[in-house]
Amino acid sequence: MSESTVVNAALGSAPAHGRPESAEDAAEHTGGRIASVLSYLRARPGLVAAVIWIVLLVLAALAPTLFTGTDPLESVALPRTAPSAAHVFGTDDIGRDLFARVVHGTRLSLGAAALAIAIGVVVGTVLGLLAGYLGGWVDAAVMRMVDVLLSIPAILLALALVVALGFGTVNVAIAVGLTSIAGNARILRSEVLRVRNSTYVEAARAGGARPVRVLVRHVLPNSITPLLALIALDFSSAILAISSLSFLGYGAPPPTPEWGALVSGGRDFLASAWWMTTLPGLVIALTVLAGNRLSRAFTGEGTLR
Amino acid sequence: MTGPLLSVDDLRVEYRSGRTRIRAVRGVSFEIRPAERVALVGESGSGKSTIAAAVVRLLAPAATVTGGGIRFDGADLLSAPPRRVRAVLGRRIGYVPQDPTVSLNPVTRVGEQIAEVLTIHGLANRKTARIDAVAALEKAGIDHPAERARQFPHELSGGQRQRVLIAIALAARPALLVADEPTSALDVTVQRRILDHVDDLTADAGASVLLITHDLGVAADRTDRILVMSHGRIVEAGTPEQILGAPQDPYTRSLIAAAPSLNTVGTTFLDRARLAAPAHTPADPPDAPDAGSAPIVEAVGLVKDYHSGGRSSRAVDDVSLSIRRGRTLALVGESGSGKTTTARLVLRLAEPTAGEIRFDGQDITALRAGALRRLRRRIQVVYQNPYDSLNPRMSVGRLIEEPARSLGIGSRAQRSARAAELVDLVGLASSVLSRRPAELSGGQRQRVAIARALIVRPDLVVLDEPVSALDVRVQAQVLELLARLQAELGVAYLFISHDLAVVRQISHEVIVLRGGVVVEQGPTEDVLTDPRHEYTRELLAAIPGHAQRPPHGESDAGTAPSTARAPSTALASSTAPARSGAHTTGDIR
Amino acid sequence: MSNEQGSGLARYVLGRLAQAAFVLWAAYTLSFLILWSLPGNIIANITGGQATDLTKEQISKIESTWGLDDPLWLRYLNSLGRALHGDFGISFATQQPVSRLVAQSIPPTVAIAGLGFLFALVFGVGIALAATRARWRWLSGLLLALPPLGVAIPSFWLGLLLIQFFSFAIPIFPSTGNDGFVSAVLPAITLAVPTSALIAQLLASGLQQALAQPYADTARAKGASASRVQLRHAFRNAVLPALTVSGLVVGGLLAGSVVTETVFSRNGIGRVTASAVSAQDVPVVQAVVVFASVVFVLVNLIVDLVYPLLDPRIVTVRRRRLPVTPIPEGV
């Protein structure tokens with residue numbers, strides 16, 4: 001990258017029709033690929049922490065025994081023992097190890113979120129793609145449907161679906177996934193329109209590319225990062241919604257550890273055992289934060305190419 | 001005379017982004033005396049706009065002044081407390097920004113926006129400010145000023161908005177006007193009228209002017225002294241006569257040589273490419289086109305209507321054109337003239353409402369799917385903005401090969417060999433093949449776009465304002481490249497432009513469009529030397545650089561067309577004989 | 001003011017009204033389909049899960065009592081007709097008219113939602129203004145970090161934390177109950193945090209964008225002070241996009257009441273919803289969903305009707321008296 005281009009970029013004084021490239025982009029390409037990844041990450045400690053956190057959660061979901069050998073369903077100490085080296089999250093009202101319960105609950109909470117994302121993203125993406133790519137009456141019909149769905153607050157819509165489907169974590173996850181379809185469809189549609197109307201897509205058509213080739217080689221590759229951002233954001237909102245619904249008691253039945261239910265379980269002991277609500281709640285909050293941070297990395301700030 | 005009004009002394013400005021530090025201004029000193037007009041001229045990245053921003057204290061947050069000083073009327077502006085600076089801005093220094101379409105608050109009436117300057121500085125109360133605002137609008141040359149004052153910015157045209165901004169800048173009768181590329185976003189004829197008006201207003205008020213521009217012609221026409229900037233330094237300073245007549249610095253010379261508006265006489269890129277072309281040109285020999293070969297593309301009676309919200313507007317109205325093999329036809333016009341729409345019709349990217357398009361004798365007006373894709377092999381396109389037209393996810397090599405791959409031409413090995421050849425042909429190093437568009441400069445990207453258009457060996461390339469997003473020197477290089485490629489490959493061009501001076505350099509024939517209607521057409525030299533239509537004459541007169549002709553600077557050998565001493569009439573050709581051919585004018589309405 | 005303008009405005013208003021009516025009808029239909037299309041399930045709900053023990057006669061008696069023996073489309077038309085008159089049927093669980101049940105529970109929810117909205121507005125706008133105005137980078141960075149945090153905190157957890165701190169550790173506010181203003185403070189804060197985060201995020205990014213626009217530079221070059229640029233020029237432009245999420249904000253407050261009222265054991269529409277879901281009391285759940293949709297649609301309708309007054313770019317296409325360029329420039 002020549003210095004003058006960098007200067008152009010920084011000064012933002014490209015000629016009237018040119019869009020100046022950002023200086024950050026330019027700097028990223030000066031070193032090698034690995035070096036640029038490292039410097040990108042070094043400037044973003046929050047993102048690194050978010051990625052590490054998500055990796056830990058996935059490990060806990062796949063192999064909870066990596067983190068704790070304690071049985072989450074057995075009482076192993078006195079009820080309501082405060083956090084200590086032996087029981088880092090303390091114990092609950094019947095003496096079960098809270099850390100073990102949180103770790104073992106990861107599979108259920110993450111799995112439910114994954115199911116919700118799968119439903120919401122797949123259906124939402126298909127609808128958004130169809131609406132944006134086909135346009136016309138398909139677009140009109142899909143968008144009217146989206147308007148209607150968005151007129152009902154997400155949690156209430158999910159509650160109505162839970163009443164229809166019945167209680168339990170899987171049904172809660174399905175309800176949350178169905179609820180997120182409308183928003184996803186809307187975002188995907190505007191994304192498709194943005195890319196579809198770009199000059200390089202027209203250039204591809206003018207170059208003789210078939211519609212399928214335009215979609216696969218030009219539209220989709222440029223829609224991937226926004227889609228990843230959407231998935232990360234959906235992950236956060238699914239975790240929040242699912243834990244809220246199981247906090248309200250519509251999720252897994254009692255002995256099963258699930259994050260929202262764990263917080264709910266500590267409600268009656270707020271004064272005597274703060275850790276029973278605070279620590280599982282903290283895990284939920286950190287997870288949501290991590291998802292949001294990841295989503296931001298895919299959108300707002302210059303992404304890695 | 002008293003001392004200088006504005007003095008900039010060894011100014012240094014840096015931009016910081018992460019650990020990257022860019023020295024944008026590297027020790028610049030100059031003075032402006034009362035009532036003096038000074039132009040800062042340079043290409044993008046030269047630091048000229050940064051200096052303007054530093055004077056009016058509008059530097060971006062990433063910018064820091066690392067040294068030097070700016071004194072206005074004896075007082076130091078850089079170290080003054082904000083309150084003191086605010087008392088000067090708007091009151092003693094007026095500022096006209098670059099892009100009028102986004103420089104007015106969209107939700108406030110324009111009258112209020114003018115009145116605000118006066119109330120801020122206590123020059124009027126709310127009631128009188130309103131009256132003064134109307135007066136300022138009238139002075140800025142706006143019709144129906146009282147009604148316009150009650151309108152919102154979006155209800156005004158670009159030129160009218162720029163007049164409002166000029167009214168804002170001059171409302172408080174400042175001693176210095178700083179204008180940062182005030183008209184580069186506007187059509188040439190509008191640009192000329194607005195600059196004339198600014199000249200009159202500042203002359204009346206005895207105000208000094210600091211004009212920032214990329215256009216040496218504008219600077220020469222409008223100012224007393226020109227400062228040429230490059231890479232953060234002033235490389236040369238002098239009167240317009242000195243700068244254009246006897247440029248000392250090689251950079252200044254290359255700038256003059258590249259500026260089409262300053263080279264309206266003498267040989268063109270076209271002439272020189274023809275002379276330099278190898279004898280074994282693949283297609284037509286250079287002289288053949290005049291002999292009257294069949295046109296490669298011919299359009300008759302093209303009409304295009306757009307419908308929106310129940311209203312329909314006609315973008316293209318009965319346009320006919322014809323391009324012969326290996327020749328260039330230019331479509332010239334200002335914004336809204338229908339030139340780009342016409343190009344899209346020829347490209348079959350838009351459907352004509354009426355009319356017929358024939359390509360190599362075949363009617364292509366109604367081609368569909370497969371047949372249309374086969375046509376793509378013979379017509380390609382290069383877009384105006386090289387920043388938008390290249391898929392950011394593909395390497396340059398893949399980008400160039402893409403049309404060939406789409407159309408299934410050649411084997412994988414043949415395609416990549418051809419791509420490597422083309423990269424060389426358009427003057428890029430082979431190392432760019434593996435790079436992404438984001439790593440290239442604007443000029444490099446446009447070369448990639450040209451290579452991409454050529455890989456399928458088309459008969460016609462539509463060039464939609466291919467150089468208007470580029471700096472003058474890069475612009476000259478790309479035009480030269482296009483002329484050379486045509487001579488070597490025998491490809492025909494449909495060249496879309498708003499700039500008659502550029503058109504002269506590259507095209508054999510020209511069609512002047514206005515409001516979708518053909519105003520005048522004919523061989524380029526004929527139309528430019530002997531314009532029959534009033535509008536063409538107006539366009540020609542609007543080309544800046546008329547006040548001072550360059551009295552023959554010694555140009556850089558090789559790269560620059562030689563300029564001949566010439567009368568100050570527009571675009572006369574002393575070398576090329578007037579060609580025969582239809583030179584007709586159309587009536588507007 | 002021409003006739004043409006009058007008819008344009010009328011068409012705009014009528015269009016918006018028709019759109020609102022359509023969304024409400026569709027939301028009603030959707031909730032009906034979700035909740036009523038599984039008849040076996042419904043009998044179990046009515047009887048509290050003992051459907052298997054019932055004889056055929058008992059089932060058909062229940063069906064005729066609740067009108068379940070009619071085909072679905074007929075039940076839909078009947079219930080839609082009744083709903084238009086404000087009648088949402090009888091609650092399965094309490095045997096009371098649903099409309100009364102819902103109507104009674106609205107005022108306490110409006111109290112905390114209103115207070116919460118006030119908090120959200122003050123903090124949201126305050127954070128956005130302060131963050132874009134702060135002289136020190138660290139301060140604006142800190143302030144801008146708050147909204148993402150506020151969005152990420154689960155509100156049931158936040159409510160419990162507030163109780164721990166302000167009811168048990170430092171007893172200032174009661175942890176539960178419906179007794180006057182003091183009892184409404186903690187629930188209102190719980191509702192306000194995600195809402196204010198949303199407002200702050202939207203407004204701060206809107207302000208940042210507006211302040212970076214060339215028109216802000218034009219104002220600065222007039223000699224306008226930083227606060228004048230921010231309040232007179234940037235704020236109005238930044239508020240406009242933020243206004244479009246008003247429906248979302250109000251709907252969010254209503255939905256948030258489900259969790260909040262459960263955490264603080266307060267009466268209100270959220271509590272009614274939570275217990276109706278637990279008891280699978282279909283008529284009540286449907287009434288709440290439709291009510292929420294009505295609120296959302298009304299708020300959006302108001303915004304749509306007010307928006308053209310705030311943003312001249314929307315309707316002036318019809319208000320223009322002078323053509324854009326009546327005569328060639330500069331003549």
Side-chain angles (χ1 to χ4, degrees), chain A residues 46 144-145 147-167 175 178 233 236-237 239-241 243-250 259-260 263-264 266-267 270-272 274 276-278 280-293 295-296 300, chain C residues 19 22-27 29-31 33-38 41 45 145 148-149 151-158 160-161 163-164 167-169 175 205 247-248 251-256 258-259 262-263 273-274 276-278 280-282 285-286 288-290 292-297 300:
Chain A
R144 286 298 80 72
M145 213 165 80
D147 283 346
V148 172
L149 284 168
L150 289 178
S151 81
I152 304 169
I155 285 279
L156 290 180
L157 186 58
L159 285 176
L161 286 164
V162 165
V163 169
L165 298 168
F167 298 158
L178 290 175
L233 205 64
S236 285
S237 50
I239 291 281
L240 260 186
S243 64
S244 296
L245 291 178
S246 56
F247 171 84
L248 291 169
Y250 311 133
W259 291 353
V263 177
S264 172
R267 270 185 73 194
L270 282 179
S272 55
W274 59 268
M276 282 180 64
T277 49
T278 307
L282 190 64
V283 171
I284 300 173
L286 288 178
T287 307
V288 176
L289 263 181
N292 286 346
R293 184 66 190 78
S295 169
R296 201 144 47 85
Chain C
Q19 200 183 347
F22 164 77
V23 170
L24 278 183
W25 164 77
T29 308
L30 182 73
S31 62
L33 284 176
I34 291 174
L35 290 162
W36 290 96
S37 56
L38 305 161
N41 209 13
N45 295 345
L149 208 63
V151 175
I153 293 176
S155 48
F156 56 89
W157 185 57
L158 176 69
L160 294 174
L161 287 184
I163 293 176
Q164 266 173 21
S167 302
F168 297 144
S175 66
S205 75
L248 214 63
L253 287 169
L254 196 64
V258 178
V259 163
T262 305
V263 168
T273 311
V277 171
S278 298
Q280 301 197 289
D281 193 343
V282 170
V285 175
Q286 195 194 0
V288 172
V289 167
V290 172
S293 181
V294 168
V295 170
F296 179 90
V297 167
N300 272 351

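Bear in mind that the values here come from a model prediction, so they are computed numbers and not experimental data. Naming convention: chains lettered A, B, ... in sequence-line order (proteins, then strands); numbering from 1 in each chain.
- The CG atom of A:L150 sits 6.5 Å away from the CZ atom of C:F296 when rounded to the nearest 0.5 Å.
- The candidate with the highest count of non-hydrogen atom pairs below 4.5 Å against chain C, out of A:T277, A:T287, A:I155, is A:T277.
- Heavy atoms of C:V295 lying under 4.5 Å from chain A are absent altogether.
- Proximity to chain A (any heavy atom under 4.5 Å) is shown, for C:Q286, by neither the backbone nor the side chain.
- Ranked by heavy-atom pairs shorter than 4.5 Å toward chain C, the options A:V162, A:I284, A:L282, A:L286 are led by A:L282.
- Here the straight-line distance linking atom CD1 of A:I152 with atom CG of C:L254 works out to 12.0 Å at 0.5 Å rounding.
- Heavy atoms closer than 4.5 Å to chain C are found in both the backbone and the side chain of A:S244.
- For the residue pair A:V148 and C:A26, the shortest heavy atom distance occurs at CG2-CB, 3.4 Å.
- Highest contact tally toward chain A, considering only C:T262, C:T29, C:I153, is held by C:T262 [criterion: heavy-atom pairs under 4.5 Å].
- In terms of heavy-atom pairs under 4.5 angstrom with chain C, the leader among A:D147, A:L149, A:L248 is A:L248.
- With a 4.5 Å cut-off on side-chain heavy atoms, A:L289 and C:L149 count as touching.
- Here the closest heavy-atom approach between residue A:L156 and residue C:A292 is recorded as CD1-CB, 3.4 Å.
- Taking CG of C:L161 as the reference point, atom OG1 of A:T278 lies at 5.0 Å (rounded to 0.5 Å).
- Here the shortest heavy-atom pairing between C:P154 and A:L240 reads CA-CD2, 3.5 Å.
- Using a 4.5 Å heavy-atom cutoff, the side chains of C:V277 and A:Y250 are in contact.
- Contacts of A:S151 classified as side chain to side chain donor-acceptor pair (under 3.5 Å), with partners at least two apart in sequence or in another chain: C:S293.
- The contact between C:L160 and chain A is made by backbone and side chain atoms together, counting heavy-atom distances below 4.5 Å.
- Across all non-hydrogen atoms, the minimal contact from A:F167 to C:Q280 is CZ-CG, 4.2 Å.
- Sorted by first then second residue, the side chain to side chain donor-acceptor pair (under 3.5 Å) pairs that include residues 155-164 of chain A, not counting sequence neighbours, number zero.
- Taking each heavy atom of C:A152 and A:N292 in turn, the nearest pair found is CB-ND2, 4.2 Å.
- In this structure, the separation between CZ on C:F156 and OG on A:S264 is 9.0 Å, given to the nearest 0.5 Å.
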